[in-house]
Novice: 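Could you have a look at this structure, given as structure tokens, before my questions?
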Amino acid sequence: PNNIMSYSPWQCRTQFSVQQGARMQCWSSDVLDGWLAIVDIASDVTEGPAPLSVNFSATTEETVLEWSWDFGDGQGATVQNPSHTYVQPGLYDVSVTIMTTKGEYFRISRGLIWAQGDTLIIPQVTGTVGQSLRYDVYAVNSLPLDELWIPFTWAGPLDISYDSATTTGLRTDFLPDKQLVSYSPSNERATYRLRSNGIDKLPYDTGAVLSLWFTCNSSAGGSSSPIEFTSYSSYSPSFVANRATVTPVQTNGAFVLCKAGDVDGNGVGPFIDDMVYLADYMFNGGPPPPLPSSADVNGSGQIDIADLVYLVDYMFNLGPAPVCGG
């Protein structure tokens, strides 16, 4: 009986409580903003891949002395109908302030522009036969996400098997629903789904969202195999948000076998040619080794003169055999 927000006479407006006044302010500056604003703003597009070019327009019945736009990315303009390009992905609030003969008026449109730059990346990882390798799947999402669908395949010339997946220590670890929803060893493909509870969404950010583990069981057939995102059946790489479902740009990886000492990457060695290749790279500005781990023959984690000495010692002094570096 004491709620006077909606049906009290105009003279009772000063009798609102602090809480009621705050709610009225929220409604008037958000939900009812379009009804109350003196100036309206619009754009020819509201979303698309970054860089995204947008033409803005503003309308008002007032006599405007000055225009001031804020595009939400640190840039602005002082004309009525400006154009702007969003270089970085993100969701942007756009506002305009006008100075008129009656005073200053402000209008904001929250989340008006969505410059998309969503990506999924699987790296290239180097290893040996029998070694289980970890592939961190990296994602860039420009909106908070409800779901991520990550279908992948390991079909290729090498005999590779899928071992497991985890989100431990990653930015998706808090999500309550993490499932391998499809797995077909015979077709060498699977799909992992990451889903929020609808409230605690995956924030827009960058970083690893899923760790996949693969083992190369045999080198017969080649020196590398692709580890790729794929679409099959009803599964496809996708990010699901309230605003839209997006197909991210995908960068695929590979399982690359390391042959220790094969500095020139021709598939054989180590031979004299590999030693010459390494010396040419180090002292004469020659091309870098195609596979750095094969040239890091002492396993120090870097390619330097110690690797050349190590290789010479192995080839001419019966020194220890080359290893694959990190």
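Worth knowing before you read on, the calculation uses all heavy atoms, side chains too, and leaves out hydrogens, waters and symmetry mates. Note that this is a predicted model, so its numbers are computed, not measured.
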Novice: How would you list, by chain and number, every residue that makes a side chain to side chain contact (heavy atoms under 4.5 Å, CB included) with Asn317, sequence neighbours excluded?
Specialist: Asp313

Novice: Test of understanding: clusters of I, L, V, M, F, W, Y form through side-chain heavy atoms closer than 4.5 Å, transitively. Do Val125 and Ile160 belong to the same one?
Specialist: yes

Novice: Looking only at heavy atoms, which two atoms of Tyr92 and Ala115 are closest? And how far apart?
Specialist: CE1-CB, 4.1 Å

Novice: Can you tell me if Thr168 and Thr166 form a side-chain donor-acceptor pair at under 3.5 Å?
Specialist: yes

Novice: Closest approach of Ser294 and Asp262, non-hydrogen atoms and distance?
Specialist: CB-O, 3.7 Å

Novice: Between Trp67 and Thr60, is any pair of side-chain heavy atoms under 4.5 Å apart?
Specialist: yes

Novice: I'd like to know if the side chain of Gln80 reaches the main chain of Ala58, judged simply by a donor and an acceptor atom lying under 3.5 Å from each other, with no hydrogens or angles considered.
Specialist: yes

Novice: For the residue pair Tyr135 and Phe255, does the interplanar ring angle fall in the parallel (under 30°), tilted (30 to 60°) or perpendicular (over 60°) class?
Specialist: tilted

Novice: Less than 4.5 Å apart, any side-chain heavy atom of Val96 and any of Ser109?
Specialist: no

Novice: Working to the nearest 0.5 Å, report the span between CG of Asn55 and OG of Ser43.
Specialist: 9.0 Å

Novice: Looking at Arg193 and Glu147, is there a salt bridge between them, counting it only when a charged N and a carboxylate O are closer than 4.0 Å?
Specialist: no

Novice: What distance do Ile121 atom CD1 and Tyr138 atom OH have between them, rounded to the nearest 0.5 Å?
Specialist: 9.0 Å

Novice: In Å, rounded to the nearest 0.5 Å, how long is the span from OH of Tyr310 to CG of Asp296?
Specialist: 10.0 Å

Novice: Please answer: with hydrophobic residues joined when any side-chain heavy atoms are less than 4.5 Å apart, are Ile305 and Tyr277 in the same cluster?
Specialist: yes

Novice: Within the distance-only criterion (no hydrogens, no angle test), does the side chain of Thr100 pair as donor or acceptor with the backbone N or O of Glu62 below 3.5 angstrom?
Specialist: no

Novice: Are Cys324 and Thr128 close enough that some pair of their side-chain heavy atoms sits under 4.5 Å apart?
Specialist: yes

Novice: Within a reach of under 6.0 Å around CG of Leu65, are more than 12 heavy atoms found that belong to other residues, nucleotides or ligands?
Specialist: yes

Novice: I would like to know whether Ile303 and Leu278 meet side-chain contact (heavy atoms from CB on, under 4.5 Å); could you show each step before the answer?
Specialist: CA-CA 9 Å; Ile303 301 174; Leu278 185 57; 3.8 Å; yes

Novice: Please check this pair: side chain of Glu188 against backbone of Pro185, looking for a donor-acceptor N/O pair closer than 3.5 Å.
Specialist: no

Novice: Will you find, in the side chains of Ser142 and Trp114, an N or O donor that is under 3.5 Å from an N or O acceptor?
Specialist: yes

Novice: Below 4.5 Å, heavy atoms only, C-beta onward: do Val263 and Leu311 meet side chain to side chain?
Specialist: yes

Novice: Just by distance, do the side chain of Asn187 and the backbone of Arg189 share a donor-acceptor pair under 3.5 Å?
Specialist: no

Novice: Using the rule given for side chain to side chain donor-acceptor pair (under 3.5 Å), can you reason through Asp73 versus Gln75, listing the C-alpha separation, both sets of side-chain angles and the distance that settles it, and then say yes or no?
Specialist: CA-CA 6 Å; Asp73 62 351; Gln75 302 295 315; 5.6 Å; no

Novice: In Å and rounded to the nearest 0.5 Å, what is the CH2 to CD1 distance from Trp154 to Ile227?
Specialist: 8.5 Å

Novice: Begin from the C-alpha positions of Val54 and Ile113 and carry the test side-chain contact (heavy atoms from CB on, under 4.5 Å) through to its verdict.
Specialist: CA-CA 9 Å; Val54 184; Ile113 303 299; 4.0 Å; yes

Novice: Hey, is the main chain of Asn217 close enough, under 3.5 Å, to the side chain of Thr215 for a donor-acceptor pair?
Specialist: no

Novice: Measure from the side-chain N and O atoms of Trp69 to the backbone N and O of Ser95, and report whether any donor-acceptor pair falls under 3.5 Å.
Specialist: no

Novice: If you draw a 6.0 Å radius around CG in Leu180, do more than 12 non-hydrogen atoms from other residues or ligands fall strictly inside?
Specialist: yes

Novice: Measuring from atom CG of Asp304 to atom CE of Met282, what distance do you get when rounded to the nearest 0.5 angstrom?
Specialist: 6.0 Å

Novice: Less than 6.0 angstrom separating the ring centers of Phe71 and Phe56, yes or no?
Specialist: yes

Novice: Looking at every non-hydrogen atom in both residues, tell me the closest pair between Gly198 and Asp146 and how far apart they are.
Specialist: CA-OD1, 4.2 Å

Novice: Assert yes or no for the condition that the ring centre distance of Tyr162 to Phe152 is strictly below 6.0 Å.
Specialist: yes

Novice: I want to check something: taking the side chain as every heavy atom from C-beta on, are Gln179 and Tyr192 in contact at a cut-off of under 4.5 Å?
Specialist: no

Novice: Should side-chain heavy atoms under 4.5 Å link Ile, Leu, Val, Met, Phe, Trp and Tyr, which residues sit in the same cluster as Trp149?
Specialist: Val181, Tyr232, Tyr235, Val240

Novice: Is the shortest heavy-atom distance from the side chain of Leu143 to the side chain of Tyr204 under 4.5 Å?
Specialist: no

Novice: Taking all non-hydrogen atoms of both residues into account, name the closest pair between Val209 and Thr167 and its distance.
Specialist: O-CG2, 3.6 Å

Novice: Just do the side-chain contact (heavy atoms from CB on, under 4.5 Å) check on Phe229 and Asn252 with the steps written out, would you?
Specialist: CA-CA 6 Å; Phe229 301 109; Asn252 295 313; 3.4 Å; yes

Novice: Would you please test Leu120 and Thr251 for side-chain contact (heavy atoms from CB on, under 4.5 Å) and show each step?
Specialist: CA-CA 6 Å; Leu120 271 176; Thr251 300; over 6 Å; no

Novice: State, to 0.1 Å, how close Met275 and Val312 come at their nearest heavy-atom pair, and which atoms those are.
Specialist: SD-CG2, 3.2 Å

Novice: Taking atom types as modelled, find out whether Ser53 and Thr85 have a side-chain donor-acceptor pair closer than 3.5 angstrom.
Specialist: yes

Novice: Does some side-chain heavy atom of Arg195 sit less than 4.5 Å from a side-chain heavy atom of Thr172?
Specialist: no

Novice: For Ser293, is there any backbone N or O sitting under 3.5 Å from a side-chain donor or acceptor partner on Thr126?
Specialist: no

Novice: Hydrogens and angles aside, do Arg134 and Ser211 bring a side-chain donor and acceptor to less than 3.5 Å of each other?
Specialist: yes

Novice: Please check if any side-chain donor atom of Gln116 sits under 3.5 Å from a side-chain acceptor atom of Asp118, or the reverse.
Specialist: no

Novice: Using a strict threshold of under 4.0 Å (side-chain N to carboxylate O), is an ion pair present between Arg171 and Asp173?
Specialist: no

Novice: Is the shortest heavy-atom distance from the side chain of Asp177 to the side chain of Leu175 under 4.5 Å?
Specialist: no

Novice: Report yes or no: does Asp307 contribute a side-chain atom to a donor-acceptor pair with the main-chain N or O of Asn298 at less than 3.5 Å?
Specialist: yes

Novice: Do you know the tightest heavy-atom contact between Val140 and Gly117?
Specialist: CG1-O, 3.8 Å

Novice: Return each pair, listed once, that meets ring-ring contact (aromatic ring centres under 6.0 Å, His included) where at least one residue sits in residues 278-300; pairs must be two or more places apart or across chains.
Specialist: none

